[in-house]
Amino acid sequence: MDEPQFNHNGGTLAFGPYGMLYVSLGDGGAADDQGVGHVPGGNGQDPGNVLGTILRIDPQGSNAANGQYGVPVDNPFVGDVGAVGEIFAYGFRNPFRFSFDAYTGEMMIADVGQNDIEEVDVGVPGGNYGWPIKEGSFCFHPNGTEPGFVFNCGPGDAPAGLVEPVAEYDHDEGIAVIGGFVYRGSFIPNLMGRYVFGDYLQPYIDSGRLFYLGKNDRIFELDLRDRDTLGLALLGFGQDAFGELYVLANETGTPFGDTGVVLRMVNGQGKAPDRFRTHLSGSEEVPAIETRAQGQANFEMNRTTNHLSFRLIVANIEDVVAAHIHCAPEGFNGPIGVTLFSGGPVSPDGTLASGNVSEPGSSTGNACGWASIDDVLTAMRLGNAYVNVHTLANPPGEIRGQIR
């Protein structure tokens with residue numbers, strides 16, 4: 001993709017709901033979204049080019065102009081004369097990092113501001129996020145050949161319908177927002193469901209910062225227990241299959257040298273609690289099952305009452321008759337150790353079963369030889385336990401996930 005300046009390049013490639021691939025692109029670079037390679041009014045406000053947008057394509061399709069990928073028919077600008085059909089949303093300056101909530105599919109976007117405002121947005125199809133008419137919730141003046149600036153919007157300063165950020169901060173707090181993920185792990189319970197993100201580098205402390213969105217999308221800084229500050233330039237975040245988060249950083253803030261690190265975020269004690277989870281899919285079955293069904297199982301051990309609480313969520317599945325914890329490593333089938341659900345057939349779209357387990361099943365329902373809940377926990381820790389959901393169409397199991 002041609003780009004007029006060296007900065008504000010592509011930022012993220014990420015698969016979203018239904019297997020579509022999303023691509024973020026900056027406005028073309030330089031400043032104020034004007035100058036060589038920038039159309040009047042700014043690339044960000046022109047859905048006729050791909051700069052300053054997030055694209056959405058179907059990697060398995062072929063109806064694009066070059067026949068190498070697909071343009072989803074429900075993209076917001078498909079069929080609009082003069083617009084690029086691949087565009088999902090526009091009006092961005094530099095949406096360097098975005099991600100999807102692993103539970104809800106909600107799209108979280110961090111759009112890097114210019115000289116004043118950093119913002120966090122929720123992605124909506126067809127949304128116009130305002131740049132360069134606005135920077136964050138403020139109006140923006142490109143100011144000709146002089147540096148652009150923000151000002152409080154008055155009547156008529158900005159068109160109606162622009163998507164407002166859910167959170168923002170100014171350059172007293174940092175200089176470039178770095179988007180992260182909605183936390184869905186088990187190591188840090190207080191962060192469950194919170195969007196974790198940060199800032200590249202606050203000049204006053206010469207360090208990146210780690211934030212999260214609290215109630216009413218207020219921005220809070222994470223309390224680091226093992227250091228006063230991050231002490232590194234923040235470059236990005238990672239999220240593993242179990243929802244845990246990782247900080248990507250280095251000492252230089254540049255793509256040079258060998259000081260880069262990947263740091264895992266844990267609770268203040270540095271140890272994971274007795275919490276486990278798994279994602280269930282047909283591809284994990286042995287042999288694999290082709291199905292749209294999926295699920296999520298969460299487990300937590302209560303040492304006070306000595307029981308294992310669980311919640312099993314499923315979607316796009318029909319005629320469920322049973323769900324169990326089985327004993328076997330990944331890639332192998334094993335017998336039943338704990339029954340989570342029996343009966344049906346039922347076709348839920350949400351919670352299939354929840355409750356507490358104080359001991360494994362009886363001799364007929366526990367062929368794993370587990371004598372106590374501690375034996376079940378040991379199998380989970382070692383990766384020797386999995387959840388399997390059985391249906392009328394697939395009695396041996398339609399979706400499965402190894403517990404971690």
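Counting begins at 1 with the first residue of the sequence. Only this structure's heavy atoms are used, side chains among them; waters, hydrogens and symmetry mates stay out.
- Here the two rings, on Phe237 and Phe181, have centers that are 6.0 Å apart or farther.
- Side-chain contact of His324 with Asn388: a donor-acceptor pair under 3.5 Å is absent, judged by distance alone.
- Salt-bridge check for Arg209 with Glu221: passed, with a basic side-chain N closer than 4.0 Å to an acidic carboxylate O.
- Proximity of a side-chain donor or acceptor of Ser342 to a complementary backbone N or O of Ala322 within less than 3.5 Å is not detected.
- In this structure, the side chain of Asp199 does not engage the main chain of Ile178 through any donor-acceptor pair within 3.5 Å.
- There is no side-chain donor-acceptor pair under 3.5 Å between Thr391 and Glu318.
- A salt bridge links Asp74 with Arg56: the closest approach of a Lys/Arg side-chain nitrogen to an acidic carboxylate oxygen falls below 4.0 angstrom.
- In terms of heavy-atom proximity, Pro4 sits nearest to Leu51 at CD-CD1, 3.9 Å.
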>> With side chain to side chain contact (heavy atoms under 4.5 Å, CB included) as the criterion, how do Gln45 and Ile133 come out once you've worked through the C-alpha distance, each side chain's angles and the decisive distance to 0.1 Å?
In response: CA-CA 8 Å; Gln45 288 302 303; Ile133 298 171; 3.7 Å; yes
>> Under the criterion side chain to side chain contact (heavy atoms under 4.5 Å, CB included), I'd like the reasoning laid out for Arg381 against Phe276: C-alpha separation, chi angles, the key distance, then a yes or no.
In response: CA-CA 8 Å; Arg381 292 191 186 99; Phe276 305 87; 3.7 Å; yes
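- Looking at Trp131 and Asp111, their side chains never bring a donor and an acceptor atom within 3.5 Å of each other.
- Between the side chain of Tyr183 and the backbone N or O of Ser186, at least one donor-acceptor pair lies under 3.5 Å.
- Between the side chain of Gln402 and the backbone N or O of Ala328 there is at least one donor-acceptor pair closer than 3.5 Å.
- The distance between the ring centers of Phe88 and Tyr22 falls below 6.0 angstrom.
- Side chains of Asn49 and Asp46: a donor on one and an acceptor on the other come within 3.5 Å.
- In this structure a side-chain-to-backbone donor-acceptor pair under 3.5 Å is present from Asn63 to Val71.
- With Tyr386 as the aromatic partner, Arg400 meets the cation-pi criteria of under 6.0 angstrom to the ring centre and within 45 degrees of the ring axis.
- Centroid-to-centroid, the aromatic rings of His390 and His326 come within less than 6.0 Å.
- For the residue pair His279 and Gln296, the shortest heavy atom distance occurs at ND1-OE1, 3.7 Å.
- Heavy atoms from other residues, nucleotides or ligands lying under 6.0 Å from CZ of Arg311 number 12 at most.
- Each of Thr259, Val261, Leu234 was compared with Asn250 under the side chain to side chain contact (heavy atoms under 4.5 Å, CB included) criterion, and only Thr259 meets it.
- Using a 4.0 Å cut-off between charged nitrogen and carboxylate oxygen, Arg264 and Glu244 do not count as a salt-bridge pair.
- Annotation: Phe332, atom CZ; neighbour count of heavy atoms from other residues, nucleotides and ligands within 6.0 Å does not exceed 12.
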>> With side chain to side chain contact (heavy atoms under 4.5 Å, CB included) as the criterion, how do Val357 and Phe310 come out once you've worked through the C-alpha distance, each side chain's angles and the decisive distance to 0.1 Å?
In response: CA-CA 8 Å; Val357 178; Phe310 72 92; 3.9 Å; yes
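- Glu398 and Thr291 share a side-chain donor-acceptor pair at under 3.5 Å.
- Arg184 and Asp101 are joined by a salt bridge, as a carboxylate oxygen and a charged side-chain nitrogen come within less than 4.0 angstrom of each other.
- For an aromatic pair to be called close, the ring centres must be under 6.0 Å apart, and Phe140 with Phe138 fails this.
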> Is there a side chain to side chain contact (heavy atoms under 4.5 Å, CB included) between Leu210 and Val196 once you walk through the steps?
Replying inline: CA-CA 7 Å; Leu210 303 179; Val196 178; 5.7 Å; no
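- Summarising the local packing, CD of Glu300 is surrounded by more than 12 heavy atoms from other residues, nucleotides or ligands at distances under 6.0 Å.
- A donor atom on one side chain and an acceptor atom on the other are found under 3.5 Å apart for His171 and Glu118.
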